[in-house]
Structures are given as C-alpha cells and as structure tokens.
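Each remark here refers to the structure printed beneath this line.
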Amino acid sequence: MSAPITKAVIPAAGLGTRFLPATKAMPKEMLPVVDKPAIQYVVEESVAAGLHDVLMITGRNKYALANHFDRMTELEAILERKGDHERLHKVNHSTTLADIHYVRQGDPLGLGHAVLRAKMHVGNEPFAVLLGDDIIDARDPLLTTMLTEQGKRNASIVALMEVDPSQIHLYGAAAVEQTDDPDVVRVTGLVEKPSAADAPSNLAIIGRYVLRPEVFGVLEHTLPGKGNEIQLTDALQEMATTPEATGGVYGVIFRGRRYDTGDRLDYIKAIVQLAIDRDDLGPELRPWLRDFVTTLG
Ligand code: UTP
C-alpha cells in the first residue's frame with residue numbers, strides 16, 4: 001500500500017480578466033460567494049478529503065489571499081470585547097483550517113506553469129490540484145472518490161463532467177474508453193478548448209486533479225499551447241498516451257453540483273443556489289425569488 005496523499009495545490013495566480021474591474025486589485029479567488037471567498041470553500045473541501053497540507057500558487061495581489069488565511073488580531077480583539085463569539089469564530093476559522101504554504105508564480109504563463117511551481121514542495125509523491133475558482137458542492141464529494149481511484153489504479157486522475165456540446169470549447173475535452181465502473185473511464189487523449197466539431201467527446205475536464213509526480217517532468221518540456229499558455233491539459237495528454245512511463249490517466253465522471261466562480265454568469269448562479277440552501281438566508285430568499293421571477297414575465 002502506498003502512503004496516503006496529504007498535499008493539495010491550489011493555483012490562484014490567474015489574471016481573472018473576465019471579472020475586471022473587480023479583480024484589478026484582488027484575485028478572483030477572493031470574490032465572496034455568499035459570505036466566504038471562493039477559495040475558502042476550496043480549502044475546506046481539501047481538508048474534508050484529508051488533505052491538510054495546502055500549497056497556494058499566488059500571483060500579483062497575493063496579499064488579500066494570504067491575509068484571509070492569517071490572524072487578524074485587531075479585528076479579533078474588537079469582536080472579543082463585544083462578546084460576538086459567533087463572528088469571532090467565523091474570523092478564526094480560516095486561520096486554523098489547514099497548514100497553508102505559498103509560492104509565487106511570477107508571470108501567469110498558464111495553469112501547467114502554475115502547477116510546475118509546486119514541484120519543490122510536493123516532491124516525489126502523488127498530490128491533488130484544486131482550482132481556486134471552481135467550487136464543488138460539499139454535499140457531492142468528488143475529491144475523496146478521486147483519491148480512492150488514484151490509490152486503486154496508481155494513475156493520474158482527472159474529474160470529468162458531461163457538458164452541452166456547445167460549451168465544450170470552454171474546457172479541455174477527453175477521449176475515453178469505458179472501464180468496468182460506469183463512473184470511471186480510461187482517458188486515451190485530451191484536447192484543450194476544442195471546437196464542438198473537433199471535440200473527442202462532451203466530457204469536459206473540471207478543476208480537480210489527483211496527479212502522479214511524473215507530471216512535473218512532463219510539464220518541464222511542455223511547450224506553450226492554446227492561448228500561448230503552458231497548459232496542464234497538454235501535459236496530461238502526453239501522460240494519457242505514455243502509461244508505461246507516467247502511469248496513464250483515468251477520469252472520474254462527476255454528476256454533482258459544481259459552480260465555476262470565474263465566470264460571471266455562473267458566479268451569480270452559484271450565489272443564489274448556495275444561499276437558497278442556507279438556513280440563515282434560504283427562508284427569506286426563496287419567497288422573494290419566487291415573486292421576483294413572476295415580474296420577469
Ligand atoms: P483560468 O483560465 O480560469 O484563469 O485558470 P484566468 O486566466 O485567471 O481567467 P480569465 O480568463 O482571465 O478570467 C484556471 C485556474 O488556474 C489559475 C487561475 O487562478 C484559476 O484558478 N491560473 C491560471 C494560474 O494560477 N496561473 C496561470 O498562469 C493561469
């Protein structure tokens with residue numbers, strides 16, 4: 001039996017141009033989803049799956065991110081004086097959540113380049129990658145399933161989700177073969193952001209990966225691809241086609257709730273969907289939303 005995976009890498013160094021000007025001085029991963037920054041949901045997911053060692057890949061404006069997971073003694077003292085223990089707990093929670101480390105990406109040369117920055121910290125063991133702007137609903141655990149599959153198959157694992165063919169150009173798309181498990185496929189090829197006509201399937205890669213450390217060697221020679229960025233998908237394409245050397249790639253098909261907070265429309269939907277289910281907001285939001293919908297005609 002191999003040692004359990006303990007490390008998660010969260011890339012959060014993208015420019016977030018779709019969210020300008022909100023992301024001019026703040027990473028998009030810090031945008032609030034109801035009352036928590038998106039990245040806190042992602043760290044909570046990592047910890048819930050048993051990964052307490054979290055490495056964040058940061059870019060410009062990293063301070064807002066680091067401050068969020070750090071102590072804020074002045075604020076804590078004020079809440080303490082007021083006896084507001086509920087809010088004090090909320091403030092402290094992100095500080096004690098995980099063992100968080102940071103490394104700078106420098107120039108945002110692509111997701112593959114961001115992941116390569118984790119090489120020193122991760123070393124020679126499998127690890128998870130969770131995109132900091134992609135939220136998986138805590139009620140639909142995905143990462144735990146992926147970690148189990150990694151242990152079983154000793155391959156790299158990607159998360160795949162069926163999307164409408166008209167949307168596949170926004171994602172990496174996978175060519176797959178069935179396995180004896182209906183929720184697990186063997187990935188035979190990957191294409192980053194293909195046109196609907198060129199896509200090998202409508203199975204899109206979403207922002208969760210469990211990777212073998214061989215990915216670092218592959219990323220070191222991966223050339224810039226789509227958008228002139230070093231693409232993680234291109235490195236995984238090489239791994240999918242060289243299973244003897246790199247362990248190959250399998251996909252876990254996810255059928256649960258996912259919110260892409262890096263996209264403005266999905267971000268709005270995420271806030272409504274998550275708030276509706278909350279005990280403190282749902283009971284008032286639901287009737288308001290129903291009334292509002294009737295005004296739309
Ligand atoms: P995206 O492509 O969604 O991020 O990357 P982006 O480039 O910031 O977005 P737009 O299109 O300009 O709005 C997916 C994830 O990879 C990280 C991002 O922070 C995000 O979590 N990323 C991307 C990096 O860390 N470094 C990069 O060079 C690129």
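Just follow the structure's listing: the first ligand is 1, and inside any ligand the first atom is 1. All values below come from the heavy atoms of this structure, side chains included, with hydrogens, waters and symmetry mates left out.
For the pair Lys36 and Tyr41, the cation-pi criterion (under 6.0 Å, within 45° of the ring axis) is fulfilled.
A donor-acceptor pair is defined here as one N or O able to donate and one able to accept, closer than 3.5 Å; such a pair exists between the side chain of Arg60 and the backbone of Lys24.
Contact residues for ligand 1 (protein heavy atom closer than 4.0 angstrom to any ligand atom): Pro11, Ala12, Ala13, Gly14, Leu15, Gly16, Thr17, Arg18, Lys28, Glu29, Gln105, Pro108, Leu109, Gly110, Leu111, Ala114, Leu131, Gly132, Asp133.
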Step-by-step salt bridge (Lys or Arg N to Asp or Glu O under 4.0 Å) determination, Asp137 to Arg258: CA-CA 6 Å; Asp137 199 299; Arg258 164 191 178 249; over 6 Å; no
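The distance from the CE atom of Met72 to the CG atom of Leu79 is 11.5 Å, given to the nearest 0.5 Å.
Of the candidates Arg257, Arg208, Arg255, Arg257 is the only one forming a salt bridge (charged side-chain N to carboxylate O under 4.0 Å, His left out) with Asp140.
Of the N and O atoms on the side chains of Ser195 and Asp198, at least one donor lies less than 3.5 Å from an acceptor on the other residue.
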